[in-house]
Each structure stands twice: as structure tokens, then as C-alpha cells.
Protein chains: 2
Amino acid sequence: MYEQLKKSISQKVVLSNEEFELCKTFFIPKKIRKKQTLLLEGDVCTYNAFVEKGILRSYSTDEKGNENVMQFAFDGWWITDLSSFLTGGNSTYTIEAIEDSELLLLTTTAREALMDAVPAFERYQRLLLQNAYIALQSRVNGALTATAEEKYLKLTASYPEIISRIPQHMVASYLGLTPETLSRVRKQISLRK
Amino acid sequence: MYEQLKKSISQKVVLSNEEFELCKTFFIPKKIRKKQTLLLEGDVCTYNAFVEKGILRSYSTDEKGNENVMQFAFDGWWITDLSSFLTGGNSTYTIEAIEDSELLLLTTTAREALMDAVPAFERYQRLLLQNAYIALQSRVNGALTATAEEKYLKLTASYPEIISRIPQHMVASYLGLTPETLSRVRKQISLRK
DNA sequence: AGTATTTCTTAATCTACCTCAAGGATTAAG
DNA sequence: CTTAATCCTTGAGGTAGATTAAGAAATACT
């Protein structure tokens, strides 16, 4: 149940077995079924969720009722509404399972306590945030300048699993495209091969 | 020379006068004239720059030679190529002064040393990164879903100084618009008033 | 297996924004 | 004060992607 977590932490920092065993005690395991929500827009996000197995997404909803996907989280990734989680304010995102998933939840207070107990964990979290920030910058750049096809090719080159595990209309939303446009883009690409 | 820095830190963490005096010793003051560059795309970014006075911008350049503005940094803000600064890899952004500016530079090693010497400084940096990440998420959302006019109005509502201190074509680039489109958008807005 | 739900595709039309082109306004420089 | 940069505006025409509408395909449900 904690394999992915161990793998993720080990990729960033060095942790002894004892320290990792200690880490485990701070998490709450939770299973969630496809289409169930972990967080509803407007609620306070009290968890930072690590995905052991499955896929989640976060999305916001605009005035016209369109869902705009902010993030996908595959096995081994974290997902939360960071603003709400850190400040205790209302969330702007809904977090929902795309597949039946197994999560490890870290509450605000457990996170503080864990960072105190295991300093390397704080460093691990800082490194994750740095990487997430750098990746977001690149996404901004793509969102502002790339064509529909460029965005799709760049995304699938980086995360090929997206094609098989995520409904196409959600990928379209993530890229800021309509489902129809993404369908046409894919057709164009396939015709050229 | 360190007023803005003191103000910025005090807004996030509590720091004694002695600690702040200690902090100051880690920075290298630098003046930079309008249009001069602090970092050239492709070089390694060895500084995290705090803007005491003036404005800088960071931008990347695409195949067609278009400059895409990633960030503006006003008085009291930080600017760097985070990826290059943290990993030592080549930078993807150029950093350039929009006005004659006064900077406080923190090298990679000075930053490490400062975080060791003054723990509150590490917390300050973490808080800045968290806020920057949250703001970037909102920018992604806007880039993907907002119209030209919505993007412009949202930006100027958040940072009114942008209108008077930054050339319009750079604002256009930041928003992912052509200068012509931004000019027309502004005209439309003014006609309605 | 059969119905309902969700997902994907295709086509016709429309529109926000881009491109290209040129002139005007402002600021900087000798 | 004069010329050169830089910056901003305006117009005509083009295009990528949105919208609307419909049906096909796949998946889930009982």
C-alpha cells in the first residue's frame, strides 16, 4: 500500500527504513471509487492526497458550467487544492477520481507534524513544489503560444499514459480545447502517419 | 537600499533586527540600466534577484523569434530562472530590466548559507514559492479559458501599475496576444466608458 | 442480452484573434 | 531642433478553433 510513496520519496531524498516507517503512520489510507469526489469546490481542502493507485483530476467550473481541468494525478503523484489546503480558505477546485483509486491522505496538522518529525520530508515537499512550479511555467507558455496540435503532441510525448487512461474530453479540457477540436486534431495526426 | 527586502520578509515571517542585519550580508547589491540583461537565455542562472527598485521581465524566445514574457518583477518582487538556478542547467529565459533598477542578488551558495543561518528565511522562501504556484495556476486557467478582454481586465485589476510602467506590447506578450489585438481591446473598453 | 449513459466523431457555420501593411505618436539621441 | 528609434493604432483580409447539431461507438447497468 505504500510502495509508490516510498518510491516517490526515495527519488528526491534519502530516508532510512525507520524514518519511512515513521512517515507511514502520519497518513490515512483511503479508497475512492471512479467518479467519487475527494473535494467539492467551495469546501475547505483539509487533505493533501498521494495517489498510490489510480488517477484523479482537479477542475474548476466557470459561469457557463464548463469544467476546466487543472491537473491530473497518476499513481505516484500528489493532488490537492494548494491554496485552500495551506490557507484554510474555500477551494476553487473539485477533486474527483477518474479510476477506482487508492489514496494516502495527509491532513494539514499531520503534515506539520511529519515535517517536524522527519526533516527530509520537508525537503521532499519543497522539491516537489519547485518541480511543479517549473512545469506550470512551461504549461503557461504552451497555453499562450502553442497550437492545438502542438499542445496535444507535447502532452502525449510527456505523458503517453494519458491517451489510454483518461477520457479524451478531459484531455481536451486540460489543454483548453473543445472535445470536437481535439478529435479533429487527432484525426489529422493519424492521417499523416 | 534594503527597505523593500525588509518589507517583503516582514510580510511573511517574523525576523529580529539582528537577523535581518545578518541577512543583508548575504546579498550583492547591483544596479542595472534599462534594457540591460541580468541573464541571457542559455546561460546558467546563478542568481535569485530581489528587485529593490525598478522593474524587470523574463521572457523566452521561440523559433520565429517572438519574445514570450513569462514574468514581470516590480519593486519588492523576486525574479530568476528557477529551473536553471536550482539545477544548474541552462536557462530558458532571458531576464532584462524594463526600467533602471536596483537589485539585491543572492547566489545559489549564499542562499543555502542564508537558509542555514536564518531558518525564518527558508520559511519565507517557501511561502513565496507557494504563493507563486497558486498565482500561476490561476494564470494557466486564464490563459486557457479567458477572452483577450477578460485577461487584460483581470491583469490590470490585479496590477494597475502595469498600465503606466510597462510598454503595451510587453503586456500583450504576457497575455499571449499580439500588440494589435491588445490595442483594439483597449479601444473597445474605452469606447464603452 | 438489452437499455441507458457516456464518449467520440463528423460536418456546416461562425467568430475571436492573427497577419500583413502602413501611418501616426511618443520618446530618445545627437 | 532634427532625426532616429520605439511604440501604438487602424484597416483589410485570413484562419484556427468554437459552436451547434447530429449520429455513431463504446461502456456501464440490471
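Everything numeric here is computed off the predicted structure, so don't read it as measured data. Numbers restart at 1 for each chain; the letters A, B, ... are given by sequence-line order, proteins then strands. Computation of the quantities below employed the complete heavy-atom set of this structure, encompassing side-chain atoms and omitting hydrogens, waters and symmetry-equivalent molecules.
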With a 4.0 Å cutoff (strictly under), does any side-chain N or O of [X] reach OP1 or OP2 of [N]?
{"X": "B:S183", "N": "D:dC8", "answer": "no"}
{"X": "B:K187", "N": "D:dT9", "answer": "no"}
{"X": "A:H169", "N": "C:dT6", "answer": "no"}
{"X": "B:T178", "N": "C:dC18", "answer": "yes"}
{"X": "A:Q168", "N": "C:dT6", "answer": "no"}

Atom pair distance, as rounded to whole Å: [atom1] in [X] and [atom2] in [N]:
{"X": "B:Q188", "N": "C:dC17", "atom1": "CD", "atom2": "C1'", "value": "13 Å"}
{"X": "B:I98", "N": "D:dT6", "atom1": "CD1", "atom2": "P", "value": "15 Å"}
{"X": "B:K151", "N": "C:dC18", "atom1": "NZ", "atom2": "P", "value": "8 Å"}

Distance in Å, A:L22 CG paired with A:F121 CZ, rounded so as to fall on 0.5 Å steps: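 Reported to 0.5 Å precision, the distance equals 11.0 Å.
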
Carboxylate-amine/guanidinium contact A:D100 A:R33, below 4.0 Å: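 So A:D100 pairs with A:R33 through a salt bridge.
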
Heavy atoms under 4.0 Å, any strand shown: does [X] hit a base, just sugar-phosphate, or nothing?
{"X": "B:L182", "answer": "nothing"}
{"X": "A:K34", "answer": "sugar-phosphate"}
{"X": "A:K35", "answer": "sugar-phosphate"}

[X] side chain: which of [options] is closest?
{"X": "A:R184", "options": "C:dT9, D:dC8, D:dT19", "value": "D:dT19"}
{"X": "A:T181", "options": "D:dG17, C:dT7, C:dT10", "value": "D:dG17"}
{"X": "B:T147", "options": "C:dC18, C:dC8, C:dC17", "value": "C:dC17"}

Ring centres under 6.0 angstrom apart (A:F27, A:F50):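 No: the rings miss the under 6.0 Å criterion.
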
NZ (A:K24) with more than 12 external heavy atoms under 6.0 Å: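 Enclosed.
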
Watson-Crick/G-U partner (both atom distances under 3.5 Å) of C:dT19: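 Base-paired to D:dA12.
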
Of B:M170 and B:E180, the one whose closest DNA chain D nucleotide lies more 5':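 First, find each residue's nearest nucleotide; the 5'-ward one identifies B:M170.
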
ILVMFWY cluster, A:L15 and A:Y2 together (side-chain gap under 4.5 Å):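 Linked within one cluster.
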
